[in-house]
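Values in this document were obtained by computation on a predicted structure and should not be read as measured data. Scope of the values below: all heavy atoms of this structure, side chains included, with no hydrogens, waters or symmetry mates.
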Amino acid sequence: MCLIFISINQHPRYKLVVAANRDEFYNRKTAAAHFWEDAPNILGGRDLEAGGTWFGVNKRGKISLITNYRDPKNINPAAPSRGKLVSDFLSNGMDGKSYLSSIQHPEKYNGFNLIVGTPEVLYYFSNYREGITEMKSGLFGLSNHLLDTPWPKVKKGKELMAEILARPFDAKDLFALLANEGIASDDLLPDTGVGLERERALSAMFIKSPGYGTRCSTVLLVDHDNNFNFTERVYDLTNFSYIENTFSFRV
């Protein structure tokens with residue numbers, strides 16, 4: 001994922017709300033969300049080139065998501081897959097904090113932000129920052145910098161999500177938030193080393209640019225009875241129509 005909004009214990013019906021966009025090169029081979037044949041407890045999309053995922057859950061109630069940390073000057077093409085960090089957590093028996101503490105040599109990966117845990121408590125770790133952050137209650141936003149860095153789309157998205165959480169809502173409201181194509185003004189753009197024109201394109205919550213952009217959106221709702229509702233929209237990259245699939249189960 002490259003844009004994630006997470007609400008924990010901020011709504012009377014849902015103890016966890018996640019709304020996220022996956023931005024990726026259009027030519028990277030990907031499978032839509034499904035329960036994996038080789039790991040039937042795991043639900044999520046799948047990177048068909050490296051085998052991991054960007055956002056997944058399992059039937060035991062574990063949740064894991066990742067975004068890249070944008071640092072184009074420090075990219076190692078031979079680095080291991082960051083998506084495997086997500087699927088490895090979902091397939092083992094460790095709790096979130098223990099798993100993050102167990103990651104061997106995080107510096108060998110290209111920059112990442114990893115969130116793992118359960119609906120009751122999530123944990124955040126980046127290989128661009130020391131320490132593990134507990135996410136037990138609140139509204140959080142994450143893009144391609146550190147957790148809650150106030151990039152324009154993170155700040156705006158959190159504001160819009162707070163408005164949604166203040167009333168009854170459903171997944172369609174969150175998909176509408178994720179579909180926002182507004183571009184930030186130049187004076188608010190970060191400088192991450194990709195050039196001004198690219199910073200403009202990447203400042204949208206929903207990115208459309210040549211060869212790269214938002215390929216799917218996902219909404220996860222978990223109520224207080226541990227009912228999981230996982231909905232993914234996968235976009236046709238020629239006209240941005242979508243196919244939507246929902247998976248529901250109880251932990």
Side-chain angles (χ1 to χ4, degrees), residues 1-8 10-11 14 16-26 28 30 32-33 45 54-55 65-70 113 115 124 135 138-192 194-221 229-246:
M1 312 306 292
C2 285
L3 183 62
I4 302 170
F5 301 106
I6 297 176
S7 160
I8 304 175
Q10 299 292 294
H11 191 269
Y14 299 110
L16 178 69
V17 179
V18 182
N21 279 340
R22 182 200 183 210
D23 306 326
E24 183 55 271
F25 290 102
Y26 294 160
R28 191 170 181 96
T30 299
W54 52 94
F55 183 1
L65 311 92
I66 199 165
T67 73
N68 298 344
Y69 185 103
R70 192 187 306 153
N113 297 289
I115 295 173
Y124 163 80
M135 302 165 63
L139 177 57
F140 306 89
L142 177 64
S143 184
N144 300 112
H145 204 267
L146 300 175
L147 183 67
D148 283 331
T149 296
W151 282 5
K153 64 182 177 182
V154 173
K155 184 178 179 182
K156 181 64 174 176
K158 287 177 67 176
E159 292 171 355
L160 293 174
M161 190 158 173
E163 293 174 6
I164 291 171
L165 294 170
R167 56 179 171 79
F169 70 92
D170 60 25
K172 289 184 176 63
D173 298 299
L174 296 168
F175 281 119
L177 181 161
L178 294 170
N180 191 309
E181 297 180 38
I183 301 296
S185 60
D186 288 356
D187 61 308
L188 297 177
L189 294 174
D191 181 4
T192 61
V194 297
L196 180 58
E197 183 176 352
R198 191 71 172 153
E199 295 286 8
R200 287 172 180 154
L202 298 178
S203 72
M205 285 189 250
F206 195 103
I207 298 169
K208 295 179 179 178
S209 69
Y212 179 90
T214 302
R215 295 186 53 179
C216 74
S217 301
T218 309
V219 170
L220 173 65
L221 303 174
N229 190 279
F230 184 105
T231 304
E232 179 188 72
R233 288 183 176 180
V234 178
Y235 301 102
D236 180 328
L237 301 175
T238 61
N239 60 15
F240 290 94
S241 61
Y242 59 84
I243 295 173
E244 181 176 300
N245 287 300
T246 297

Main-chain N/O of Thr218 paired to Glu232 side chain as donor or acceptor, under 3.5 Å: no
Check for a donor-acceptor pair, side chain of Tyr124 on one end and backbone N or O of Leu147 on the other, with a separation under 3.5 Å. yes
Exercise: identify the closest heavy-atom pair between Ser217 and Leu178: CB-CD1, 3.9 Å
Looking at residues at least two apart in the chain, or sitting in another chain, which of them share a side-chain hydrogen bond (donor to acceptor under 3.5 Å, both in side chains) with Glu199? Arg70, Thr192
Between CZ of Phe5 and CD of Glu159, what distance do you get to the nearest 0.5 Å? 10.0 Å
Please give me the minimum heavy-atom distance between Ser203 and Lys153, naming the atom from each residue. O-CB, 3.3 Å
Asp186 atom CG: more than 12 heavy-atom contacts under 6.0 Å: yes
Side-chain heavy atoms of Phe140 within contact of Ile4, under 4.5 Å: no
I need the minimum non-hydrogen distance between Leu165 and Phe169, along with the two atoms involved. CD2-CE2, 3.9 Å
Is there side-chain contact between Lys208 and Glu181, with at least one heavy-atom pair below 4.5 Å? yes
Looking at side-chain heavy atoms only, is the closest gap between Thr67 and Leu3 below 4.5 Å? no
What orientation do Phe25 and Tyr212 show, parallel under 30°, tilted 30 to 60°, or perpendicular over 60°? perpendicular
Could you walk me through whether Leu160 and Asn180 pass the side-chain contact (heavy atoms from CB on, under 4.5 Å) check? CA-CA 10 Å; Leu160 293 174; Asn180 191 309; 4.2 Å; yes
Identify the two heavy atoms, one from Arg198 and one from Ser209, that lie closest to each other, and give their separation to 0.1 Å. NH1-OG, 3.2 Å
Leu221 vs Leu16, side-chain contact (heavy atoms from CB on, under 4.5 Å): CA-CA, chis, key distance, verdict: CA-CA 6 Å; Leu221 303 174; Leu16 178 69; over 6 Å; no
Keeping Asn21 on the side-chain end and Thr214 on the backbone end, is there a donor-acceptor pair under 3.5 Å? no
Using a cut-off of 6.0 Å, state whether more than 12 heavy atoms not belonging to Lys158 lie near its atom NZ. yes
For Asn113 and Ser143, the nearest pair of non-hydrogen atoms, with its separation, is ND2-O, 3.8 Å
Kindly compute the distance separating CZ (Phe55) from SG (Cys216), expressed to the nearest 0.5 Å. 9.5 Å
Separation between SG of Cys2 and CD1 of Ile207, rounded to the nearest 0.5 Å: 7.0 Å
Worked verdict on Val154 versus Thr149 for side-chain contact (heavy atoms from CB on, under 4.5 Å): CA-CA 7 Å; Val154 173; Thr149 296; over 6 Å; no
Among Leu142, Leu220, Ile115, exactly one meets side chain to side chain contact (heavy atoms under 4.5 Å, CB included) together with Ile6. Which residue is that? Ile115
For Thr231 and Asn229: C-alpha separation, side-chain torsions, deciding distance, then whether side-chain contact (heavy atoms from CB on, under 4.5 Å) applies. CA-CA 7 Å; Thr231 304; Asn229 190 279; 3.3 Å; yes
On a heavy-atom basis, the closest approach of Leu188 and Pro152 is O-CG, 3.4 Å
Residues Arg215, Asp23: salt bridge by 4.0 Å N-O rule: no
Taking the six-membered ring for Trp and the single ring otherwise, decide whether the centroids of Phe206 and Phe175 are under 6.0 Å apart. no
Got Leu146 and Tyr69 here, is their nearest side-chain heavy-atom distance under 4.5 Å? yes
Ring-plane angle category for His145 and Trp151, please: parallel below 30°, perpendicular beyond 60°, tilted otherwise. tilted
OG of Ser7 to CG of Leu139: how many Å apart, nearest 0.5 Å? 6.0 Å
Non-hydrogen side-chain atoms of Val17 and Met161 separated by less than 4.5 Å: yes
Does some side-chain heavy atom of Arg233 sit less than 4.5 Å from a side-chain heavy atom of Ile243? no
Test item: Asp148 side-chain N/O and Gly141 main-chain N/O as donor-acceptor pair under 3.5 Å: yes
Measuring centre to centre across the rings, with the benzene-like ring taken for any Trp, is Tyr235 within less than 6.0 Å of Tyr26? no
Side-chain donor/acceptor of Thr30 to backbone N/O of Arg28, under 3.5 Å: yes
